[in-house]
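Worksheet: one structure, shown below.
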Amino acid sequence: MLALVMFSMGCTVEIKKFWGHIKRPWGIAVGFLCQFGIMPLTAFVLSLAFNIHPVQAVVVIIMGCCPGGTSSNILAYWVDGDMDLSLSMTTCSTLFALGMMPLCLYVYTKKWVDSNAIVIPYDSIGISLVTLVVPVGIGMGVNYKWPKQAKRILKIGSITGGILIVTIAVVGGVLYKGSWTIDPKLWIVGTIFPVVGFTMGFLLATMANLSWSRCRTVAVETGMQNTQLCSTIVQLSFTPQQLGLIFTFPLIYSIFQILVAILFLIGYQIYKRICGKKLAVDDSPVSPYGQENDGFDLGEKPKD
């Protein structure tokens with residue numbers, strides 16, 4: 001189902017604009033700084049500030065070092081983000097994670113544990129990359145050849161993707177309900193962490209003079225982490241006794257990042273309703289990197 005959703009997201013992408021991001025990767029560079037600069041540092045600072053158990057601190061940092069998740073692409077669509085940038089950022093961050101995750105973990109976890117003891121599941125990262133790139137590539141081809149049909153596929157896929165995200169969070173909460181009795185400090189960290197990600201991503205993109213649509217995109221890509229990858233690393237790297245202290249944290253982060261995303265979406269929709277006409281003017285590009293996608297307008301007729 002995730003592959004089908006990513007196929008529908010690919011139907012928003014124009015090959016020319018996507019390639020433009022690769023040739024002039026200013027937005028991708030800002031996202032890279034957020035993903036592998038701000039997020040690991042935030043995890044490290046939160047771990048020190050709340051003085052959590054060393055094993056728990058390592059898990060928080062693992063979460064901060066993970067690349068962006070595919071959920072970010074679905075949310076970026078719903079907040080009228082730049083889908084070309086969103087998908088290119090997710091793809092690049094997953095690819096960069098092959099080298100940046102070991103580096104960030106070495107820098108930030110050596111205070112508590114030997115970083116060599118943390119197992120990086122390169123096969124899982126590779127699978128994530130394939131399940132992202134292949135469906136998106138097919139979707140881009142459909143958008144190029146049959147733009148009218150691509151709009152219909154997009155509408156169905158965006159709704160399906162939203163339902164899928166919420167379903168996974170609810171099912172995960174039910175399946176692991178016996179693991180919710182953990183340190184309250186982890187609950188607090190899991191609540192604060194995604195909020196900081198969204199906020200810092202938006203602020204850094206604004207400072208980089210990106211358009212408003214791209215600022216929203218970078219904020220979403222920064223706050224929405226690949227929690228499934230974090231769960232895999234945790235299960236591979238820790239003993240059963242240690243898992244009892246930390247296993248639920250990726251799920252806590254997943255739930256709160258969805259809640260923050262929903263609040264972000266509601267706030268944006270309210271702003272759009274109140275300032276609809278002004279938004280159309282203010283969201284115009286402010287730099288050569290600020291071109292918009294137009295893919296969200298489902299009622300638009302495709303150009304000949």
Side-chain angles (χ1 to χ4, degrees), residues 6 9 12-14 17-43 63-97 100 104 132 136 165 192-227 253 256-258 260-269 271-272 279 282-296:
M6 295 317 298
M9 294 294 103
T12 68
V13 177
E14 296 180 24
K17 291 183 178 179
F18 185 86
W19 181 242
H21 283 292
I22 304 300
K23 291 195 298 183
R24 297 186 301 178
W26 179 236
I28 295 175
V30 173
F32 176 87
L33 180 59
C34 292
Q35 197 72 61
F36 297 109
I38 290 176
M39 292 302 280
L41 179 60
T42 300
M63 178 62 73
C65 295
C66 284
T70 50
S71 301
S72 62
N73 308 127
I74 300 167
L75 180 61
Y77 168 79
W78 284 110
V79 297
D80 296 340
D82 186 326
M83 291 304 298
D84 305 286
L85 176 61
S86 177
L87 290 166
S88 60
M89 280 183 63
T90 303
T91 303
C92 290
S93 69
T94 304
L95 182 62
F96 292 148
M100 291 305 299
C104 291
L132 172 66
V136 168
I165 291 173
I192 297 174
F193 201 176
V195 174
V196 174
F198 276 87
T199 304
M200 293 302 296
F202 189 85
L203 291 176
L204 189 61
T206 303
M207 293 169 60
N209 201 32
L210 297 183
S211 67
W212 285 113
S213 64
R214 294 195 172 190
C215 288
R216 294 193 297 271
T217 304
V218 172
V220 167
E221 290 290 334
T222 305
M224 302 287 284
Q225 297 289 83
N226 190 336
T227 54
Y253 187 96
F256 279 105
Q257 77 175 0
I258 292 172
V260 174
I262 291 172
L263 293 175
F264 186 77
L265 175 59
I266 292 172
Y268 170 70
Q269 292 298 330
Y271 172 75
K272 192 165 77 166
L279 179 66
D282 290 349
D283 215 17
S284 58
V286 295
S287 73
Y289 310 102
Q291 299 176 1
E292 293 190 46
N293 188 350
D294 305 330
F296 188 72

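Bear in mind that the values here come from a model prediction, so they are computed numbers and not experimental data. When a residue number appears, it is its place in the shown sequence, counting from 1.
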**OP:** Could you pull out all residues at least two apart from T222 that satisfy side chain to side chain donor-acceptor pair (under 3.5 Å)?
**Re:** none
Original post:
Of all heavy-atom pairs between L85 and I28, which one has the smallest distance, and what is that distance?
Top reply: CD1-N, 4.0 Å
**OP:** Using the test side chain to side chain contact (heavy atoms under 4.5 Å, CB included), find all partners of I192 that sit at least two apart in sequence or belong to another chain.
**Re:** L46, F50, I188, V196
Subject >> Gap separating the CG atom of D84 from the OG atom of S213, nearest 0.5 angstrom >> reply: 10.0 Å
Subject >> Inter-residue atom distance R216.CZ - S211.OG, 0.5 Å rounding >> reply: 8.0 Å
Subject >> Whether W26 side chain and A208 backbone form a donor-acceptor pair below 3.5 Å >> reply: yes
Subject >> Qualifying residue for ring-ring contact (aromatic ring centres under 6.0 Å, His included) with F198, from F264, F193, F256, Y268 >> reply: F264
Original post:
So, for A76 and M83, which heavy atoms are closest and what is the spacing to 0.1 Å?
Top reply: C-SD, 3.9 Å
Original post:
How would you list, by chain and number, every residue that makes a side chain to side chain contact (heavy atoms under 4.5 Å, CB included) with S93, sequence neighbours excluded?
Top reply: Q35, F36, P67
Original post:
Just how far is it from atom SG of C215 to atom CG of L210, taken to the nearest 0.5 Å?
Top reply: 5.5 Å
Original post:
Roughly how far apart are M63 CE and T42 OG1, rounded to 0.5 Å?
Top reply: 13.5 Å
Original post:
Quick one: side chain to side chain contact (heavy atoms under 4.5 Å, CB included) partners of L33, sequence neighbours excluded?
Top reply: L204
**OP:** Have a look at S72 and tell me which of N226, L87, V220 forms a side chain to side chain contact (heavy atoms under 4.5 Å, CB included) with it.
**Re:** V220
Original post:
Where is the tightest heavy-atom contact between C34 and V218, given as atom of each residue plus distance?
Top reply: SG-CG1, 3.9 Å
**OP:** Please confirm whether the backbone N or O of F202 pairs with a side-chain atom of T206, one donor and one acceptor, at under 3.5 Å?
**Re:** yes
Original post:
What heavy-atom pair brings Q257 and T227 nearest, and what distance separates the two atoms?
Top reply: NE2-CG2, 3.9 Å
**OP:** With rounding to the nearest 0.5 Å, note down the distance linking CG in D80 to CD in Q269.
**Re:** 6.5 Å
Subject >> Flag, side chain of E221 to backbone of G68, donor-acceptor distance under 3.5 Å >> reply: no
Subject >> Non-neighbouring partners of T217 that pass side chain to side chain donor-acceptor pair (under 3.5 Å), sequence neighbours left out >> reply: none
**OP:** Decide yes or no for M89 and F32: does some side-chain heavy atom of the first lie under 4.5 Å from some side-chain heavy atom of the second?
**Re:** no
Original post:
By side chain to side chain contact (heavy atoms under 4.5 Å, CB included), which residues pair with L41, not counting sequence neighbours?
Top reply: V45, Y108
Subject >> From CD (Q225) to SG (C66), nearest 0.5 Å >> reply: 6.5 Å
